[in-house]
Amino acid sequence: MLDPSDILREYWGYPSFRPLQREIIDSVLSGHDTLAILPTGGGKSLTFQVPSLMRPGVTLVISPLIALMSDQVRSLRKRGIRAIVLHGGLSHNRILDILEQAQYGAYDLIYLSPERLASQFFRTRIQYVEVSLIAVDEAHCISQWGYDFRPPYLRIAEIRQYFPNAPVLALTASATKNVAEDIEKYLAIPGTEPSFTRFRQSIRRDNIVYVVRYTKDRYRTIDDILKAVPGSAIIYSRIRQLTEDIASVLQEIGYAADFYHAGLDRDAREERQQKWMNGELRVLCATNAFGMGIDKPDVRVVIHFDIPDSLEAYYQEAGRAGRDGEKSYAVLLANDRTVDALLSRHERLFPTKDFIRDVYQKLAEYYVIGAGSGDGAVFPFELEKFCHYAHVRYSDVQSALQVLQWAGYITVTEAMDDASKLQIILSPNDIFLWKQQQIDSDRILDAIMRRYTGIFTDTMHINEEIIADSLGITSTDVYLHLTNLASRGIVNYIPFRHTPLLIYETERQDSALLKIPEDAYEQRITNLCERLKYMRDYVVSTQCRTSILARYFGEEDLTPCNHCDNCLSHRKK
């Protein structure tokens with residue numbers, strides 16, 4: 001067998017592994033279920049990418065982050081590694097084609113979202129593929145104790161019965177004792193006791209200086225920090241509008257700054273991210289939509305404009321500073337008002353059950369879904385448009401949708417490429433009569449009817465580029481022609497778009513009788529209140545901040561770091 005170090009040098013050019021990477025890889029290659037808790041920037045991806053090149057078969061990589069999966073696949077292909085993403089924008093035929101190719105060894109890694117596991121079609125076809133490893137990224141999403149619980153993760157263990165000899169590698173940047181136990185319990189093969197080899201790297205980052213700055217004027221304080229700490233910066237805020245406001249203020253002062261949040265279209269987000277990565281922007285003001293999978297080594301300061309909802313979220317976001325090992329700062333801004341409001345934040349994050357039922361009803365009206373129907377239905381979902389339709393606030397709807405997901409009624413995915421859809425409205429006989437009336441033969445429609453059988457009875461995914469290539473024309477020509485046919489009532493045509501999807505996981509219920517279980521509402525409120533309390537304790541504490549984080553994540557070494565704001569304050573005294 002090849003040595004992992006040889007693979008590392010050949011494909012990535014690195015001379016050696018980072019701490020714990022080799023041990024995790026050896027555990028996986030030995031066939032052991034493995035839980036790896038590595039801090040942000042700890043090189044988690046290599047621990048499954050290297051083994052994928054050393055064993056026959058395919059590595060399934062399950063992640064909720066579609067953009068990150070696409071970035072990793074592009075990077076792997078540049079290195080000559082055969083990887084592909086199964087995302088919601090692919091047609092049924094394209095997915096079938098990929099899985100059939102995988103049967104014959106065409107891929108080393110297949111990336112997919114946890115929602116894909118709910119598809120009976122996928123579950124049937126994947127059984128014919130030789131799967132040698134199942135890697136679960138962001139594994140904390142499987143735990144209801146975690147800060148980012150996602151119900152589709154609970155389906156992962158179901159597919160393990162098809163691949164009893166394939167170990168699981170669960171990866172996360174942060175996990176408390178309860179979360180780690182949940183990960184192992186829910187990822188074990190159903191009916192068996194979990195038996196995981198666990199690796200945990202200390203959350204301590206000796207090069208990061210943790211600071212809580214009390215201030216009444218947060219904008220002036222940010223200016224002071226940026227003047228004192230040269231280099232690249234991220235400023236996080238929980239509210240989209242605030243990211244725009246902060247960026248505007250910094251631009252007026254003279255900083256190269258811009259904002260980033262999920263309300264921007266994909267091209268705008270990618271452009272701003274790239275400008276920040278290559279140094280054209282010094283400061284990026286962002287919601288938590290930014291940062292996952294971003295590996296910029298020289299971020300010198302991460303500032304939190306407001307207080308996050310949990311220490312897990314704060315640690316992960318603050319950890320994007322100083323990945324090159326050089327001294328960096330994680331600064332959290334606070335004042336008496338924001339601290340006092342923290343413990344009541346759950347009242348804003350959890351709307352009433354009546355409001356949640358009302359959102360569920362409005363969704364049914366929006367998509368015209370009758371009671372008892374809709375199970376498995378998938379719809380493009382633009383949250384801003386729905387909020388305008390329903391006359392409700394964006395943040396309130398976000399919270400209601402989250403509860404509906406926890407309760408198992410719906411799933412809302414990240415934005416993904418949604419392939420074009422087409423159905424011919426006229427009957428085959430009417431199409432024949434219509435074509436006889438045309439001066440020229442409709443080559444495009446003929447090509448579509450030959451390629452997509454069943455297009456008279458079902459709405460089908462189509463690919464304009466494939467149609468164009470077969471006819472020697474451009475995909476724009478195909479688009480314009482189909483748009484013209486749609487305007488004349490001959491076809492229904494929905495062009496390609498990049499959008500989130502809303503999936504009905506059950507048939508639509510009577511909204512008045514909709515049951516919201518305790519573990520999706522009351523228990524989640526209790527868990528949130530507990531995390532908010534820990535977050536508040538961190539902000540107001542006079543103890544070493546690194547030690548507070550270490551204790552929270554279950555570490556035994558509580559030695560003071562001697563360089564956070566509290567440690568420095570004690571030294572001065």
Report the residues that fulfil salt bridge (charged side-chain N to carboxylate O under 4.0 Å, His left out) with Glu530, sequence neighbours left out, ordered by chain and then residue number. none
For Ser195, which residues count as a side chain to side chain donor-acceptor pair (under 3.5 Å) partner, sequence neighbours excluded? none
Heavy-atom closest pair (Ile208 atom, Ala321 atom, distance to 0.1 Å) is CD1-O, 3.5 Å
Could you grab the distance from atom CG of Asn288 to atom CD of Glu317, nearest 0.5 Å is fine? 5.5 Å
Nearest 0.5 angstrom please: Gln49 CD to Leu133 CG, how far? 11.0 Å
Sequence neighbours excluded, the answer for salt bridge (charged side-chain N to carboxylate O under 4.0 Å, His left out) partners of Arg213 is none
Could you tell me whether Arg345 and Asp309 have a side-chain N and a carboxylate O separated by less than 4.0 Å? yes
Residues forming a salt bridge (charged side-chain N to carboxylate O under 4.0 Å, His left out) with Arg240, sequence neighbours excluded: Glu384
Quick one, Asn566 with Cys544, criterion side-chain contact (heavy atoms from CB on, under 4.5 Å). Give me CA distance, side-chain angles, the key distance, then yes/no. CA-CA 6 Å; Asn566 285 341; Cys544 168; 5.8 Å; no
With a 3.5 Å cut-off and no angle check, do the side chains of Thr215 and Thr221 form a donor-acceptor pair? yes
Does Leu501 reach the side chain of Val412, with side-chain heavy atoms less than 4.5 Å apart? no
Would you give the length of the straight line joining atom CD1 of Ile235 to atom SG of Cys285, rounded to the nearest 0.5 angstrom? 4.5 Å
Nearest 0.5 Å, please: how far is CG in Leu404 from CD in Glu505? 12.0 Å
Which pairs pass salt bridge (charged side-chain N to carboxylate O under 4.0 Å, His left out) with one or both residues in residues 561-571, sequence neighbours excluded? Arg545-Asp565
Where do His32 and Ser27 land on the side-chain contact (heavy atoms from CB on, under 4.5 Å) test, with the steps shown first? CA-CA 6 Å; His32 298 140; Ser27 175; 3.5 Å; yes
Polar side chain donor-acceptor pair, Glu138 to Thr172, under 3.5 angstrom: no
Smallest heavy-atom separation, Tyr153 atom then Asp137 atom, equals OH-O, 2.7 Å
If the condition is side chain to side chain donor-acceptor pair (under 3.5 Å), which residues does Lys227 pass it with, not counting sequence neighbours? Asp223
Expected list for residues 177-185: side-chain donor-acceptor pairs under 3.5 angstrom, two or more places apart:
{"unit_1": "Lys177", "atom_1": "NZ", "unit_2": "Glu181", "atom_2": "OE2", "d": "2.8"}
{"unit_1": "Asp182", "atom_1": "OD2", "unit_2": "Ser143", "atom_2": "OG", "d": "2.8"}
{"unit_1": "Glu184", "atom_1": "OE1", "unit_2": "Arg198", "atom_2": "NH2", "d": "3.3"}
{"unit_1": "Glu184", "atom_1": "OE2", "unit_2": "Arg198", "atom_2": "NE", "d": "2.9"}
{"unit_1": "Glu184", "atom_1": "OE2", "unit_2": "Arg198", "atom_2": "NH2", "d": "3.2"}

Hey, is Asp306 close enough to Arg218 for a salt bridge, meaning N to O under 4.0 Å? no
Verdict with reasoning, Ile356 to Thr352, per side-chain contact (heavy atoms from CB on, under 4.5 Å): CA-CA 6 Å; Ile356 295 168; Thr352 66; over 6 Å; no
Is the number of heavy atoms from other residues, nucleotides or ligands within 6.0 Å of NZ (Lys533) greater than 12? no
Can you name the closest pair of heavy atoms from Thr287 and Tyr236 and give their distance? O-CE2, 3.5 Å
Is it true that the side chains of Tyr111 and Gln72 contain a donor and an acceptor less than 3.5 Å apart? yes
If I take atom CD1 from residue Ile225 and atom CD1 from residue Ile303, how far apart are they, to the nearest 0.5 angstrom? 4.0 Å
For residues 549-573, which residue pairs qualify under ring-ring contact (aromatic ring centres under 6.0 Å, His included), counting only residues two or more places apart or in two chains? Tyr315-Phe553, Tyr534-Tyr552
Of all residues at least two apart in sequence or in a different chain, which pass the ring-ring contact (aromatic ring centres under 6.0 Å, His included) check with Tyr314? His304, Tyr538
On the six-membered ring of Phe290, is Arg269 placed so that its NZ or CZ lies under 6.0 angstrom from the centre and within 45° of the ring axis? no
Polar side-chain atom of Asn207 near backbone of Glu326 as donor-acceptor pair, under 3.5 Å: yes
When you compare the side chains of Glu312 and Ser174, does any donor N or O come within less than 3.5 Å of an acceptor on the partner? no
In this structure, is the centre-to-centre distance between the rings of Phe355 and Tyr360 below 6.0 Å? no
Which atoms form the tightest heavy-atom contact between Met54 and Val50, and what is the distance? CG-O, 3.4 Å
Distance-only, no hydrogens or angles: does the Thr526 side chain make a donor-acceptor pair with backbone N or O of Glu522 under 3.5 Å? yes
Take Asp224 and Tyr219, measure what side-chain contact (heavy atoms from CB on, under 4.5 Å) needs, and give me the verdict at the end. CA-CA 9 Å; Asp224 293 340; Tyr219 292 99; over 6 Å; no
Under 3.5 Å donor-acceptor, Arg79 side chain and Tyr11 backbone: yes
I'd like to know if Arg300 and Asp298 make a salt bridge, using a cut-off of under 4.0 Å between side-chain N and carboxylate O. no
Determine whether the side chains of Thr197 and Thr34 contain a donor N or O and an acceptor N or O closer than 3.5 Å. no
Do Ser30 side-chain atoms and Asp26 backbone N/O form a donor-acceptor pair below 3.5 Å? yes
Taking Ser547 for its side chain and Leu558 for its backbone only, find out whether a donor-acceptor pair lies under 3.5 Å. yes
Here the pair of heavy atoms bringing Phe149 nearest to Ile142 is CE1-O, 3.8 Å
Return the NZ to CG distance between Lys296 and Asn278, rounded to the nearest 0.5 Å. 7.5 Å
Sequence neighbours excluded, which residues qualify as side-chain contact (heavy atoms from CB on, under 4.5 Å) partners of Ser5? Asp3, Arg9, Phe17, Arg22
Would you check if the side chain of Arg282 reaches a backbone N or O of Ala233 as a donor-acceptor pair within less than 3.5 Å? no
On a heavy-atom basis, which atom in Pro39 and which in Ser202 lie closest, and how many Å separate them? CG-O, 4.2 Å
Is there a donor in the side chain of Thr559 and an acceptor in the side chain of Asp557, or the other way round, less than 3.5 Å apart? yes
May I have all residue pairs that pass salt bridge (charged side-chain N to carboxylate O under 4.0 Å, His left out) and include part of residues 327-342, sequence neighbours excluded? none
Hey, is the main chain of Leu46 close enough, under 3.5 Å, to the side chain of Gln21 for a donor-acceptor pair? no
So, Arg320 side chain and Val302 main chain: donor-acceptor pair closer than 3.5 Å or not? no
Arg116 side-chain N/O to Ile62 backbone N/O, donor-acceptor pair under 3.5 Å: no
For Arg272, give me all partners under salt bridge (charged side-chain N to carboxylate O under 4.0 Å, His left out), at least two apart in sequence or on another chain. Asp258
Has the side chain of Trp406 got a donor or acceptor atom that lies under 3.5 Å from a matching backbone atom of Pro517? no
